[in-house]
Amino acid sequence: MTSGKISNNKAALITGASGGIGLELARLLARDGYDLVLVARSENRLREIADELQNAHGIRALVLPHDLSLSTTPDAIFEALQTHKVQVDILVNNAGIGTYGPFAEIDWDKERDLLQINIVALTHLTKLFLPEMLSRRAGKILNVASTAAFQPGPFMAVYYASKAYVLSFSQALSNECAGSGVTVTALCPGPTQSDFQERAAMTQSKLMQGALMTSAEVAAQGYQAMQKGKRRVVTGFNNRVWTLAAKFLPTGATIKMVRRVQETKR
C-alpha cells in the first residue's frame with residue numbers, strides 16, 4: 001500500500017470502497033489509470049484492495065480508514081489529503097447505509113448514523129472538494145442515490161428520504177456547475193446484489209427477491225454516465241420504467257405499491 005505522496009496521475013476519492021458498487025467503481029478507475037484514495041471503516045480490507053489494484057494496473061492507492069458516521073471524518077479526510085498533497089479530480093460519494101422496519105421501532109442511533117453518512121458526510125465532502133475543482137475548472141463528482149429517491153418508502157422511510165435528498169442536491173449542483181468544467185452526476189440504482197441488504201436487515205423484504213443487477217453492472221453504467229458528464233443515470237430497464245411511471249401515478253398509489261414490495265416476504 002502507498003502511504004506517501006500520490007503520483008502525477010489524476011486521482012479519485014471513493015467512499016464506501018471496501019465492497020459493492022464502491023469497489024467496482026474503484027476497479028474501473030484503476031483500470032483507466034487513476035490513482036485512488038480508498039475510504040471505508042475496514043482498514044485490512046482496504047489494504048487488500050489497494051494491493052490488488054496497484055499490482056494489476058500500476059496505479060497508486062492511499063488507504064484512509066475512516067468512519068463517516070462521525071461528524072469529524074470529512075475534515076479529517078480533507079486534511080489528510082492536504083498533508084499527502086493529493087489533488088482530488090474525481091469525488092465518488094458512494095458510502096451509504098439503510099435501515100428497515102417501521103420508523104417508530106428503529107433505534108434512533110441507527111437512523112442518526114444513516115443521516116450522517118447518506119446526507120451530511122456526502123454534502124460535507126462535496127463542500128470541501130468542489131471549490132478546488134471549480135478553481136481548476138475541472139473535476140467530476142458522482143453521488144450514489146437510488147431509485148428510492150423517486151417516491152416515499154414505507155418501512156425504509158428515512159433511507160428513501162435520504163436518497164431523495166442526494167438526487168435533488170446532485171441535480172441542483174449539476175445546474176450550478178454548468179459551463180464550469182465540473183460535472184455532477186447522480187447514480188440511481190435499484191436493488192443490487194451486494195451486502196447492503198444484510199447490513200440493513202432487509203434480506204426478507206420482497207423487494208430483494210428475483211433477479212437483481214450486480215454491483216459491477218451498476219458501477220459500469222454509473223461510471224460511463226459520470227465520464228460523459230450526465231446529470232443523472234437510472235440503471236436497468238425495469239428501474240427506468242418504474243421511475244418514469246412514478247412521475248405520473250398518484251403519490252398515494254405509488255406509496256401503496258412500494259409498501260407492498262417492501263413488506264417482509266411471507
Spatial distance of atom [atom1] ([X]) from atom [atom2] ([Y]) [nearest 0.5 Å]:
{"X": "Leu36", "Y": "Lys10", "atom1": "CG", "atom2": "NZ", "value": "14.5 Å"}
{"X": "Arg60", "Y": "Leu53", "atom1": "CZ", "atom2": "CG", "value": "14.5 Å"}
{"X": "Ile59", "Y": "Asn9", "atom1": "CD1", "atom2": "CG", "value": "8.5 Å"}
{"X": "Ile106", "Y": "Tyr100", "atom1": "CD1", "atom2": "OH", "value": "10.0 Å"}
{"X": "Glu52", "Y": "Arg27", "atom1": "CD", "atom2": "CZ", "value": "4.5 Å"}

Under 3.5 Å donor-acceptor, [X] side chain and [Y] backbone:
{"X": "Thr214", "Y": "Glu217", "answer": "yes"}
{"X": "Ser162", "Y": "Tyr159", "answer": "yes"}
{"X": "Thr192", "Y": "Gly190", "answer": "yes"}
{"X": "Arg240", "Y": "Val234", "answer": "yes"}
{"X": "Glu79", "Y": "Ala76", "answer": "no"}
{"X": "Thr15", "Y": "Ala95", "answer": "yes"}
{"X": "Thr185", "Y": "Lys230", "answer": "yes"}
{"X": "Arg136", "Y": "Pro131", "answer": "no"}
{"X": "Asp89", "Y": "Ala11", "answer": "yes"}

Please find the pair of heavy atoms, one from Ala61 and one from Gln54, that lie closest to each other, and give the distance.
N-OE1, 2.9 Å

Is there a side-chain hydrogen bond (donor to acceptor under 3.5 Å, both in side chains) between Glu111 and Thr99 once you walk through the steps?
CA-CA 7 Å; Glu111 302 281 40; Thr99 54; 2.8 Å; yes

Residues Tyr165, Thr123; criterion side-chain hydrogen bond (donor to acceptor under 3.5 Å, both in side chains); working and verdict
CA-CA 10 Å; Tyr165 171 90; Thr123 307; 2.8 Å; yes

Distance-only donor-acceptor check, side chains Asp67 and Thr73, under 3.5 Å
no

